[in-house]
Amino acid sequence: MTLQSKEIKPFIGSQVLNSKEELLSGKYATEIRELLEQRGVLVFPEINFTDEEQVAFTKTLGKFAPELLNAGEEVHKITLDTKHSASAEYLKGSMYWHIDGTMNKVPILASILSGKVLSPEGGQTEFCNTYAAYEQLSDKEKAEYDGLTVMHSAWNSLFFYEPEPSVQKLQAMMAIGDAELPLVWAHQSGRKSLVLGCTAYQVVDKPAKESALILNKLRDWATQEQFTYSHEWTVGDTVMWDNTGTMHRARPYDPACGRMMHRTKLEGEEPIVAAAS
Ligand code: OGA
Ligand code: MN
């Protein structure tokens with residue numbers, strides 16, 4: 001038996017059709033990781049992992065990353081319902097294009113998300129392939145963007161869902177810190193991807209208007225139809241994304257509807273570094 005997979009769109013996404021037992025055996029781990037890097041997003045339709053199985057599957061693929069927000073919890077509950085999650089407020093930023101953990105020195109390698117309770121409307125998870133988006137730029141554009149660095153922060157994402165925050169709230173988000181990151185990530189593999197998202201707020205050494213234009217132009221480019229995949233959830237689906245070569249967002253849904261996803265993560269293996277100039 002080999003890994004059974006089917007491409008979803010030319011530039012992004014594959015379904016993996018092996019059985020739960022085959023996935024849990026770990027014998028396809030290398031192939032799954034290679035496919036993830038190539039395709040950006042892997043969908044395991046109605047695989048129906050229990051939490052224990054999801055943790056075990058995650059551990060076959062690399063180093064399991066514990067959640068920072070809810071210590072001691074192996075599977076993190078992703079919901080906007082404040083009754084079930086201390087981080088529900090912070091997750092409002094997940095409705096805008098982002099990369100997970102840009103504030104960390106080494107962003108996580110991958111996230112694995114399972115649909116437990118779905119929203120009656122909206123709530124699709126969308127992904128874009130930032131390797132493909134970079135690779136399809138012209139040589140002139142690549143040269144223009146290769147050397148730039150960008151300031152990122154959690155406080156900037158606050159303005160997306162709360163345009164007029166209290167100073168108290170803003171300062172609490174500012175305490176999380178800022179990071180200066182290359183706009184173009186030169187990976188150890190030799191491939192390059194774009195580093196964007198709602199945490200990005202300023203291209204270093206550019207006037208505010210030019211900076212905003214660059215960031216918005218590239219987001220628009222990277223999230224165009226050909227580079228994106230929108231996952232319409234069925235209960236029991238598991239979706240895994242390469243957090244180093246994609247951005248993602250949840251489509252709006254009613255925060256009180258009970259939507260519940262369970263997430264595990266793989267520890268990052270390389271820091272975001274710029275191409276040597
Ligand atoms: C996440 C995330 C999107 C969703 O778990 O990091 O952004 O659809 N989730 O819940
Ligand atoms: Mn996210």
Side-chain angles (χ1 to χ4, degrees), residues 12-13 36 40-45 49 51 54-55 58 64-70 73-82 84-104 106-130 152-154 156-158 160-161 173 176 179 193 195-200 219 222-223 228-268 272:
I12 186 165
L36 180 68
V41 184
L42 301 182
V43 176
F44 303 87
F49 280 144
D51 286 353
Q54 182 170 338
V55 169
T58 307
F64 188 86
E67 284 287 349
L68 299 173
L69 292 164
N70 296 355
E73 205 178 73
E74 281 213 300
V75 172
H76 188 52
K77 295 190 172 100
I78 302 291
T79 177
L80 289 181
D81 191 337
T82 44
H84 293 290
S85 169
S87 53
E89 170 71 24
Y90 186 74
L91 286 171
K92 286 183 187 162
S94 70
M95 299 213 179
Y96 304 91
W97 287 110
H98 67 281
I99 296 171
D100 290 333
T102 47
M103 290 301 103
N104 306 336
V106 179
I108 56 163
L109 173 70
S111 287
I112 298 169
L113 195 66
S114 298
K116 301 292 177 183
V117 179
L118 306 182
S119 52
E121 278 178 283
Q124 300 85 351
T125 308
E126 294 191 338
F127 302 90
C128 74
N129 190 332
T130 53
H152 287 254
S153 73
N156 190 65
S157 60
L158 173 63
F160 281 73
Y161 58 87
M173 292 296 271
I176 298 171
S193 64
V195 181
L196 298 164
C198 62
T199 54
R219 190 216 53 245
T223 60
T228 55
Y229 166 64
S230 180
H231 186 69
E232 197 72 60
W233 288 92
T234 298
V235 172
D237 286 351
T238 289
V239 174
M240 167 162 61
W241 62 92
D242 175 354
N243 187 58
T244 75
T246 58
M247 286 197 287
H248 61 281
R249 67 173 176 179
R251 298 307 288 145
Y253 58 92
D254 175 5
C257 75
R259 183 183 190 266
M260 174 64 75
M261 318 302 257
H262 285 188
R263 186 178 75 180
T264 49
K265 300 185 304 194
L266 284 173
E267 205 82 78
I272 305 180

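Numbering of ligands and ligand atoms starts at 1, following listing order. This one's a predicted model, so the numbers in the text were calculated from it and none came from an experiment. The figures that follow rest on heavy atoms only: side chains count, while hydrogens, waters and symmetry mates do not.
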| request: State, yes or no, whether a side-chain contact exists between Val195 and Thr130 at a heavy-atom distance under 4.5 Å. | output: no

| query | Below 4.0 Å from any atom of ligand 1, is there a heavy atom belonging to His98? | reply | yes

| task | Heavy-atom contacts with Arg259 under 4.0 Å: which atoms of ligand 1 show up? List them by number with element. | result | 4 (C), 8 (O), 10 (O)

| request: Kindly say whether Thr234 contributes a backbone atom to a donor-acceptor pair with the side chain of Asp237 at under 3.5 angstrom? | output: yes

| Can you find a pair of side-chain heavy atoms, one from Pro107 and one from Ile272, that are under 4.5 Å apart? | yes

| request: Give yes or no for whether the N/O distance cutoff of 3.5 Å, strictly under, is met between Thr125 and ligand 1. | output: yes

| remark: Ile78 heavy atoms within 4.0 Å reach ligand 1 at atoms 5 (O), 10 (O)

| query | With a cut-off of 4.0 Å, which atoms of ligand 1 are near a heavy atom of Ala250? | reply | 3 (C), 4 (C), 8 (O)

| said: Regarding ligand 1, does His248 bring an N or O atom to under 3.5 Å of one of the ligand's N or O atoms? | reply: yes

| message | Tell me the closest heavy-atom pair linking Cys198 and Gly93, and the distance in Å. | response | SG-O, 3.9 Å

| said: I want to check something: taking the side chain as every heavy atom from C-beta on, are Trp97 and Leu196 in contact at a cut-off of under 4.5 Å? | reply: no

| Does any N or O atom in Ser94 lie less than 3.5 angstrom from one in ligand 1, N or O only? | no

| message | Is the distance between the ring centroids of His262 and His76 under 6.0 Å? | response | no

| remark: closest protein heavy atom to atom 6 (O) of ligand 1 is Arg263 NH1, 2.6 Å

| task | Provide the closest heavy-atom pair for Thr223 versus Cys128 in the form atom of the first, atom of the second, distance. | result | CG2-SG, 4.0 Å

| request: Check Thr264, Ile112, Leu113 against Thr238 for a side chain to side chain contact (heavy atoms under 4.5 Å, CB included) and give me the one that passes. | output: Ile112

| message | Polar contacts were defined as any N/O atom of the residue lying under 3.5 Å from an N/O atom of the ligand; does this apply to Asp100 and ligand 1? | response | yes

| field | With the Mn ion (ligand 2) as the apex, the NE2/NE2 angle for His248 and His98 - to 10° | value | 80°

| task | Can you label the angle between the Phe127 ring and the Tyr229 ring as parallel, tilted or perpendicular, going by 30° and 60°? | result | parallel

| Nearest protein heavy-atom contact for atom 9 (N) of ligand 1: which residue, which atom, what distance? | Leu113 CD2, 4.0 Å

| Looking only at heavy atoms of Arg249, does any of them come nearer than 4.0 Å to an atom of ligand 1? | no

| query | By atom name, which N, O or S atom of Asp100 is the nearest to the Mn ion (ligand 2)? | reply | OD1

| note | Short version for Lys265: what comes under 4.0 Å of ligand 1, heavy atoms counted, is neither

